[in-house]
Amino acid sequence: MANQKLLQAFKASNPTILTSISSQEIAARIAKILIKSGPEHLETAPPLLSNLDSHITNLVLLNPSLPPRCCLTFFNFLKRNQSLVCHKPDLRAHVILISRLFQAKKFAAMKNVLTWIVMDNNLLSSFADMVYLIDNGFHEPKFVETMCDMLFRVYADNNKFEEGLQVFDYMGNNELMIDHRSCIVYLLALQRCNKVLMCLDFFRKMVKNKVDITVYSMTIVVNVLCKKGMVDRAKDLMIEMSGKGIKPNVVTYNTLINSYIKKMDVERVDEMLRLMEMDKVVCNAATYTLLIDLYGSFGKIDDAEKVFVEMHEKGIGVDIHLYTSMISWHCKLGNMKRAFVLFDELTEKGLHANAHTYGALIDGVCKSGKMDAAEILVNEMQCQGLDVNQVIFNTLINGYCKKGMIDEALGVQDVMEKKGFENDIFTYNTIANGLCKLDRLEDAKRWLFTMIDKGINPNAVSFTTLIDIYCKEGNLVEAERLFQGMKKKGEKPNIVSYNALMDGYGKKGKLKEAYQLKDEMEAMGIISDIYTYTSLMHGECIFGKIEKALNLFNEVRQKGLVINVVAYTVIISGLSRAGRSDEAFRLYDEMKEAGLVPDDRVYTSLVANL
DNA sequence: TTAGGGTTAG
């Protein structure tokens, strides 16, 4: 029925066809061959092919006795044999094929044909071409609706957002039903491409066009805003939508909690938890994992353990993410015993450790210097059928580097390459730092320059390592150049970068420059830490300004910074060199009382580069 | 159809 209508509409817009009987005959013959023998037999009928034009193609496709399956094979034949057939199916032919597939409910095939159209700029230069066709021959609303919906998804899948929007607007203006699931596809595509404002604008459009908004689409927009750091705006959107009846769920809340945790905004985290309670949204394992991260990042492992117990009491199901997080924090704090207890416990609970879990544990044993244990764990994970991935290789390389075992580190790196992993930025930075530790500064530089030659952009860690190397070599000009260079390349110097350069200035007696840098850093919102003060104190001590060093030391105390053995050594040796041994001894006792072990190597390294 | 876990620098 619908086909007949199409045929008539088509004929009406192409009056020449009425007189062109031979075209119809050719079309009929092609159809006959397609039905009886399949498209490959068309090759045995060259006159048919050489006479083929868009009218004939369209007539073939519209032939009601030709099943949609045959239309598709005919089409594929034309696409495949462009050397044999001079004629290429045009946009109209594609849409006719789509309509035939629609009648046969072959939706996946329809989508494929739409993708061909979208990917071929010669076929469809703008959506207006499609509108023209729809207005001139394809009036059946259900078909137009389905095709537009699919086209909208295809545009989204191929990141053609402007075109997608045109389809959306067309559907809205023509009162075609817009499927909210298609809008989710579009939102997810925008999310993938980091198009934050477009995402928000589109969501507003969805609301305006009365598309069925769900918690899923809202949460996608909340997530996109959060990932761009616009957390308060995300929260406002959630509250606004909640007022319109779209209630946030645990995923929405977790998204916001995650972002507030990353910003260390405890107050807002609490606010979200309160809102959840009011909304009767129950926390899940993901919420608890986030809270454990929050406590872990503040070093409050006891509080992390408390919430871990609390969730057990509340009967909330645990999962491997949660255990991996707990294990990771214990490893970071050196509590390897507890980490292994948790590792055993998860197995008892029927959970399976994955590469992330092993990764955390391997890093823990590496950091405690137990490389043999690390190797055992690597074997164990392989026995469990888990592949050693690049992160684990890098972790092992770092473990050996930290112990000064550079040959073993390079051995692991070799195995990694043989397994098909190329060195990544972590590998390069880690090995460069391993070499620095052994004072092989030239080799370290060579690794980093090789990395750059291979087209990997240096990140803040790479720049900082190089700055530190040049400072150690006394080449402040180059260190400064790199420091400015990293800013220009959009790599923001962090506290380690600033401290490295300040240390370089201090050792050269350029205290004025060092203090200037400290001011600059603090103006950027970075708070001076014990390394900052130690570098400055060291600089002052070297050049006999012990009073200034003591002022800095008092500042450290006032700020409540934890004083480490290096900081103590700097000030103690400064005092003794200034002949103030009483004060030096007093601080020496204080250091021991604080449980710190005096370290000859620290002292040696302090005077080594002077 | 939306959220949470492992690696690098002083």
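Proteins get letters first, then strands, A, B, ... in listed order; numbering begins at 1 in each. What you see below is based on every heavy atom in this structure, not just the backbone, and it leaves out hydrogens, waters and symmetry mates.
- At whole-Å resolution of the value, CG in A:L225 and P in B:dA3 are 14 Å apart.
- When rounded to the nearest whole Å, the span between OH of A:Y400 and C1' of B:dT7 equals 16 Å.
- Look at A:N394 and you won't find any side-chain N or O under 4.0 angstrom from OP1 or OP2 of B:dT8.
- Proximity note for A:L290 (side chain, C-beta onward) versus B:dT7, B:dA9, B:dG4: the nearest is B:dG4.
- Going from atom NE2 of A:H180 over to atom C1' of B:dT2 covers 12 Å, rounded to whole Å.
- OP1 or OP2 of B:dT8 lies within a sub-4.0 Å distance of a side-chain N or O belonging to A:N398.
- The side chain of A:N258 places an N or O atom within less than 4.0 Å of a non-bridging phosphate oxygen (OP1 or OP2) of B:dG4.
- At a cut-off of 3.5 Å, with distance as the only test, no side-chain donor of A:T427 or A:Q413 sits close to an acceptor on the other residue.
- Distances from the side chain of A:Y216 to the nucleotides B:dT7, B:dG4, B:dT1 place B:dT1 closest.
- A:N223 comes within 4.0 angstrom of sugar-phosphate atoms only, judged by non-hydrogen atoms across all strands, and of no base.
- Summarising the geometry, the separation between CG on A:L377 and P on B:dT7 is reported as 15 Å, rounded to the nearest angstrom.
- Donor-acceptor pairing under 3.5 Å, judged by distance alone, is absent between the side chain of A:D293 and the base of B:dG4.
- With hydrogens and angles left out, the side chain of A:N354 and the base of B:dG6 share no donor-acceptor pair within 3.5 Å.
- The listed nucleotides are B:dA9, B:dA3, B:dG6; the one nearest the side chain of A:Q191 is B:dA3.
- No contact: A:A432 has no heavy atom under 4.0 Å from any strand.
- Listed nucleotides: B:dA3, B:dT2, B:dT8. Nearest to the side chain of A:N249: B:dT2.
- The interatomic distance linking A:F421 (CZ) with B:dT7 (C1') rounds to 13 Å, in whole Å.
- Using a distance-only test at 3.5 Å, with no hydrogens or angles considered, a donor-acceptor pair links the side chain of A:Y186 to the main chain of A:F161.
- Among the heavy atoms of the strands lying under 4.0 Å from A:T395 are primed sugar atoms or P, OP1, OP2 only; no base atom is included.
- No donor-acceptor contact under 3.5 Å links the side chain of A:N433 to the base of B:dA9.
- Judged by centroid separation below 5.5 Å and plane tilt below 30°, A:H356 stacks onto the base of B:dG5.
- Formation of a donor-acceptor pair under 3.5 Å by the A:E408 side chain with backbone atoms of A:G399 is not found in this model.
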Check: Between A:T357 and A:Y323, does a side-chain contact (heavy atoms from CB on, under 4.5 Å) hold up when you go through it step by step?
Finding: CA-CA 8 Å; A:T357 326; A:Y323 267 96; 5.7 Å; no
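- With rounding to whole Å, A:D387 atom CG is found 20 Å from B:dT7 atom P.
- Rounded to whole Å, the distance from CD1 on A:I425 to P on B:dA9 is 13 Å.
- The nucleotide whose nearest atom lies closest to any side-chain atom of A:I184 is, among B:dT1, B:dT7, B:dG4, B:dT1.
- Listed nucleotides: B:dT2, B:dG4, B:dG6. Nearest to the side chain of A:I220: B:dT2.
- Donor-acceptor pairing under 3.5 Å, judged by distance alone, is absent between the side chain of A:S325 and the base of B:dG5.
- For A:D319, the listed nucleotide lying nearest its side chain is B:dG4; candidates were B:dT8, B:dG4, B:dA3.
- Among the nucleotides B:dT8, B:dG4, B:dG5, the one closest to any side-chain atom of A:N429 is B:dT8.
- Residue A:K367 places at least one side-chain N or O under 4.0 Å from the OP1 or OP2 atom of B:dT8.
- A salt bridge does not link A:D265 with A:K263: every distance from a Lys NZ or Arg NE/NH1/NH2 to an Asp or Glu carboxylate oxygen is 4.0 Å or more.
- Taking every side-chain heavy atom of A:R181 into account, B:dT1 is the closest of B:dT1, B:dA3, B:dG6.
- Ion pairing between A:D201 and A:R204 fails under the 4.0 Å rule for side-chain N and carboxylate O.
- One interatomic measurement links the two molecules: CH2 of A:W447 to C1' of B:dT8, which rounds to 14 Å at whole-angstrom precision.
- No contact: A:I362 has no heavy atom under 4.0 Å from any strand.
- Out of B:dA3, B:dG6, B:dA9, the shortest distance to the side chain of A:N284 is found at B:dA3.
- With respect to A:K507 and A:E473, no salt bridge is recorded, no charged nitrogen being found less than 4.0 Å from a carboxylate O.
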